[in-house]
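Residues take their numbers from the sequence shown, with the count starting at 1.
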Amino acid sequence: MHILTKKLFPLTFAWTWYEAAVDATQLRRAIARTPLAPVAAFPKRLARVARHDAKVLRASARWLVTSREHHNYTYELTKLSRHHLTWFVSVVCDIPVKQVRGYVAEIESDDVLRRHIEQATATAARRGLADKKVRYARRVGWYAFVRATRPGHIVETGVDKGLGSVVLASALLRNAQEGHPGRVTSLDINPEAGYLARVAPWSEVVDLVIGDSIASIGALDRPVDLFLHDSDHSRAHEKREFDAVEPKLAPGAILLTDNVTSTNVLAEHAERTGRRFLAYRESPANHWYPGDGIGVAW
């Protein structure tokens, strides 16, 4: 081949490819302006849906084989979701995000707590319905809120195994080491609830109360600095809890809900009572469940 032809051939090919790409783009734009647009776009839309569904199906199949949980699912958060959670706590508590990251690292590196949860789960009567691996998800945000605000009295409704209770208790124990003691009153209607929080040192700061949450809130004999709704997730019951605890709150108290992805109850309560409100929605990593979140009023 002539040397000039050799030099011109790549340029000719590149120009031809460019013209074809431009023609294809113009054709797509032309079709987009016609009634054929939905039909032409269907294959691409179908491929995107199929990729999404395949990912969910893989996660679902893996969970069905490897997990024992039937409710109150546990999982890790995606890296991005963890970043958003630390900023969420930082904004609400008005502290540097670096400080919040330190709190999150603190709970995640607590090997004593992790071993306790693993051992207590392995020997519990309900071990057939609990996973061995310890995964805190949004609960690291609960921990960070307690470390940042140093509440003297927390009230938590809904205990189940007690994973949230020992997370809150761990934060209180750290606060006590720094000269800020506190206690958590954990309310549940199930007498078998809270087995993770029945062992020292966590049990030393946990008051487990069995009974109806509304009646138990009414019987509280000291102000509440931080309140967490995580019991019956019906809209009516959630509202009743926030209404019941309102006169029990200490000045500057923080209200949290685990139900923020399902109802607007706490946001409405915040508006009625002159508080600010924010919501965070978690994103589980490698899990079929879309996740829960944290709603906060302060």
Side-chain angles (χ1 to χ4, degrees), residues 41-89 100-101 103-105 107-111 113-122 124 126-145 158-168 193 195-196 228-234 238 256-264 278-296:
F42 183 80
K44 188 173 185 179
R45 295 170 63 239
L46 178 61
R48 288 182 174 177
V49 169
R51 284 196 297 270
H52 173 270
D53 289 349
K55 183 178 179 181
V56 174
L57 286 171
R58 284 196 300 270
S60 300
R62 187 187 309 112
W63 178 82
L64 284 170
V65 173
T66 61
S67 178
R68 301 176 178 180
E69 297 174 341
H70 69 301
H71 72 138
N72 279 349
Y73 311 120
T74 62
Y75 36 76
E76 304 291 353
L77 299 179
T78 66
K79 185 176 181 179
L80 181 61
S81 190
R82 285 163 53 89
H83 285 319
H84 291 169
L85 179 54
T86 54
W87 274 107
F88 174 74
V89 177
V100 180
R101 292 193 189 107
Y103 293 147
V104 172
I107 178 68
E108 291 183 337
S109 63
D110 190 336
D111 293 332
L113 175 61
R114 192 174 293 272
R115 284 195 299 271
H116 159 64
I117 295 172
E118 291 172 345
Q119 294 168 2
T121 300
R126 297 166 59 190
R127 60 185 177 273
L129 298 175
D131 286 354
K132 297 178 181 179
K133 188 174 181 180
V134 180
R135 294 166 294 213
Y136 299 119
R138 65 196 174 281
R139 294 174 186 85
V140 300
W142 301 359
Y143 181 92
F145 271 120
V159 177
D160 192 44
K161 297 181 288 292
L163 180 59
S165 300
V166 291
V167 167
L168 296 171
Y195 63 81
L196 293 176
L228 169 62
H229 163 79
D230 191 19
S231 60
D232 178 349
H233 287 311
S234 69
E238 183 182 8
L256 301 178
T257 181
D258 199 57
N259 207 27
V260 72
T261 58
S262 300
T263 79
N264 203 37
L278 277 179
Y280 156 80
R281 179 158 196 162
E282 65 182 1
S283 297
N286 303 316
H287 203 284
W288 64 268
Y289 188 64
D292 286 309
I294 304 175
V296 57

Decide yes or no for Glu108 and Val140: does some side-chain heavy atom of the first lie under 4.5 Å from some side-chain heavy atom of the second?
-> yes
Side-chain contact test, heavy atoms from C-beta onward, threshold under 4.5 Å: evaluate it for Arg139 versus Val166 and give yes or no.
-> no
Can you tell me how far CG of Leu113 sits from CD1 of Ile107, rounded to the nearest 0.5 angstrom?
-> 5.0 Å
Taking C-beta and beyond as the side chain, do Asp258 and Arg138 meet within less than 4.5 Å on heavy atoms?
-> yes
May I ask you to check whether Tyr289 and Trp63 place their ring centers less than 6.0 Å from one another?
-> no
Any side-chain heavy atom of His84 sitting closer than 4.5 Å to one from Arg281?
-> no
Is there a salt bridge (Lys or Arg N to Asp or Glu O under 4.0 Å) between Asp131 and Lys161 once you walk through the steps?
-> CA-CA 11 Å; Asp131 286 354; Lys161 297 181 288 292; over 6 Å; no
Nearest heavy atoms of Gly291 and Tyr75, plus distance in Å = CA-OH, 3.7 Å
Within a reach of under 6.0 Å around CZ of Arg82, are more than 12 heavy atoms found that belong to other residues, nucleotides or ligands?
-> no
Atom pair CZ (Phe145) and CD1 (Ile294), whose distance is rounded to the nearest 0.5 Å | 6.0 Å
So His287 and Tyr73, would you call those rings parallel, tilted or perpendicular, with 30° and 60° as cut-offs?
-> tilted
Which heavy-atom pair separates Ala144 from Val89 by the least distance, and what is that distance?
-> CB-CG1, 4.0 Å
OG1/Thr261 to OH/Tyr280 distance, rounded to the nearest 0.5 angstrom?
-> 11.5 Å
Roughly how far, to the nearest 0.5 Å, is the OH atom of Tyr136 from the OH atom of Tyr143?
-> 9.5 Å
Atom pair NE2 (His233) and OG1 (Thr257), whose distance is rounded to the nearest 0.5 Å = 7.5 Å
Gap separating the NE2 atom of His52 from the CZ atom of Arg48, nearest 0.5 angstrom | 13.0 Å
